[in-house]
Asks: 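Before we start, here is the structure in question, set down as structure tokens.
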Amino acid sequence: MASVPVSKSMSLLSKLAWKKHLAGGLAFAVAVSAIAPADLSARGLIRDAETESLIRDYAKPIFRVAGLGQQNIRIHIVNDRNFNAFVVDGRNMFIHSETLKQSKTPNQLIGVIAHETGHIAGGHLSRLRRTIAKAQSASLMLQILGIAAFVAGAATGGAAGGSAGAAVMSGGQSLTQRAVLAYQRAEESAADQAAVRYLNATKQSSRGMLETFSYFVDQGFASLKYVDPYVQSHPMPQQRIIQLRELARRSPYYDKADNQDWAFRHELMRAKLSGFLESPRTVYTKYPPSDKSMPARYARAVVLFRREKNLKAFQREIDQLIRMDPGNPYFYELKGQFLLEAGQASRAVPPLRNAVKLAPNSGLIRILLAHALLTANQPRLIDEAVTQLRRAIVRENTSPEGYRLLAMAYGRKGLTGQASLASAYQYLYQGKLKFAKEQAKRAQTKFREGTPNWIKADDILKFQPPKLR
Ligand SMILES: [Zn+2]
């Protein structure tokens, strides 16, 4: 699991480069730069193969029955302590880490996803943009640009891009949400109804959604001072909950339980998030050492290494987890990640190879393995690193980290043209266009004109970020 921090170096600008296909087929979407107040530096996006895979499994059937199966909607996890989930366009859904931690069952989280999907399918977003354009308020427009930067940045899936946008999002949140509140009420019940339809069509209960939303109604009454941003963006008048309850209870699947596999993976995900994001005290309260379950061991394992710097104790715990479930790729991944972080790259390689074998579709884990292979610094491992990175980049095709490592690997092999081209992509997806072009120029001198690599470099050289109005 990696938290992508918000860069402090970003300046106040919202020069954006929208998704665009270049001549050579380069998919490009990046926030060139954005607003990043220093106090937001801890926030950003969370990338985690395990969490992302589970959420994809939850969302896939919902997207399909909503008619959005082909739209390639990405779900991003925002590192944030407030419960929230929102969509800002038809391609990107954002869920706060707190929402994942608070959802006690898969069904509760799936309900939130179904509701947000209802907003996408209902086209509530384009209406949002029109409404705000009509408002003609300069400051509001800035907020909207901020959100746009967030999406564009997050779409790169990479450090600089994602973090740039996240910062903007953080800054712009409350103002925008207040504006949104004014007209969104009608759309909330439409999204609820759509969500119940999707849940019924996938033979799942709406109970989790009802539980989540009821909790917010209670929260709204309990405290006027502190209300989660989710309540601001999704107004919860009691009438809405009454309607939803009616609708949910009519479903033949109301009492249907979550499938066991998801329920277990859900517990592991929450435990891991707790271990990474909460204080050791909170973690040990939730998962006391007397609790020998796998999720409890998982949460404590993270704390043992990350907070208590006790590599030995961590290894005992993670090895026990691996014995308990040798088929779980993420236990090997965590072991490898922490060994790598502890400076034991050679020892990180075998568990990471196992993780890749068990989760061959995860680009993130392949990048981590390549990182370990290159850090181990043995010539015989370089080719394996290149192979892993090339496969990783098929999925993580805008990952600056993937390209950074690839450039390093090519550099060690003496392939200077390839190395420069990979560096050019790294900078491109970090939004550092000037550096990207410098590297592309260098790369081009190493390739024959008209060859595929020459054309790729040329695409970067010719790329102009479109101007926003
Ligand atoms: Zn809503």
Side-chain angles (χ1 to χ4, degrees), residues 55 58-59 62-63 65-68 71 73-78 80 82-100 102-103 107-132 143-144 147 150-151 169 172-200 202 204-221 227-248:
I55 291 174
Y58 290 166
I62 300 286
F63 290 161
V65 297
L68 301 169
Q71 288 204 17
I73 297 167
R74 282 197 62 182
I75 302 183
H76 309 272
I77 302 156
V78 184
D80 194 294
N82 295 302
F83 189 107
N84 204 1
F86 53 96
V87 286
V88 290
D89 65 3
R91 284 174 162 270
N92 296 281
M93 185 183 291
F94 296 86
I95 302 181
H96 282 191
S97 51
E98 185 63 24
T99 306
L100 307 181
Q102 276 188 26
S103 301
N107 191 242
Q108 287 186 354
L109 183 54
I110 291 165
V112 170
I113 293 171
H115 175 91
E116 295 307 316
T117 306
H119 282 310
I120 296 179
H124 299 165
L125 312 148
S126 41
R127 235 175 294 162
L128 167 111
R129 286 211 195 87
R130 279 203 298 277
T131 304
I132 291 182
Q143 304 307 321
I144 291 307
I147 287 191
F150 187 44
V151 176
M169 186 61 220
Q173 205 162 35
S174 62
L175 224 176
T176 312
Q177 283 177 343
R178 257 178 272 142
V180 166
L181 182 73
Y183 71 95
Q184 209 184 15
R185 285 168 195 274
E187 301 189 326
E188 288 308 314
S189 63
D192 287 343
Q193 286 170 30
V196 172
R197 268 203 317 278
Y198 306 150
L199 292 164
N200 286 343
T202 52
Q204 299 183 87
S205 175
S206 308
R207 185 202 285 259
M209 181 167 64
L210 183 62
E211 285 166 353
T212 301
F213 293 171
S214 303
Y215 165 79
F216 283 112
V217 172
D218 295 345
Q219 190 196 33
F221 284 121
V227 177
D228 268 303
Y230 193 67
V231 181
Q232 296 174 32
S233 64
H234 299 71
M236 312 252 176
Q238 214 162 22
Q239 188 55 32
R240 180 183 156 202
I241 299 302
I242 293 167
Q243 278 176 358
L244 179 59
R245 188 173 294 130
E246 283 280 299
L247 215 55

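One-based numbering, in listed order, for ligands and for the atoms of each. What you are looking at is a predicted structure, and each value in this text was computed from that prediction instead of being measured.
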Asks: Looking at H115, which of its N, O or S atoms is the nearest one to the Zn ion (ligand 1)?
Replies: NE2

Asks: What is the name of the N/O/S atom in E188 that sits closest to the Zn ion (ligand 1)?
Replies: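 Of all N, O or S atoms in E188, the Zn ion (ligand 1) lies closest to OE1.
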
Asks: Does any non-hydrogen side-chain atom of L68 lie less than 4.5 Å from one of Y198?
Replies: no

Asks: Is a donor on one side and an acceptor on the other found under 3.5 Å between the side chain of H119 and the backbone of H124?
Replies: no

Asks: Write down the atom of N92, the atom of I73, and the distance for their closest heavy-atom approach.
Replies: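 Looks like N-CG2, 4.3 Å.
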
Asks: Quick check on side-chain contact (heavy atoms from CB on, under 4.5 Å): which of L210, I241, L244 does D192 satisfy it with?
Replies: L244

Asks: Let me check your reading of the structure: within less than 2.8 Å of the Zn ion (ligand 1), is there an N/O/S atom from E116?
Replies: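 False for E116.
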
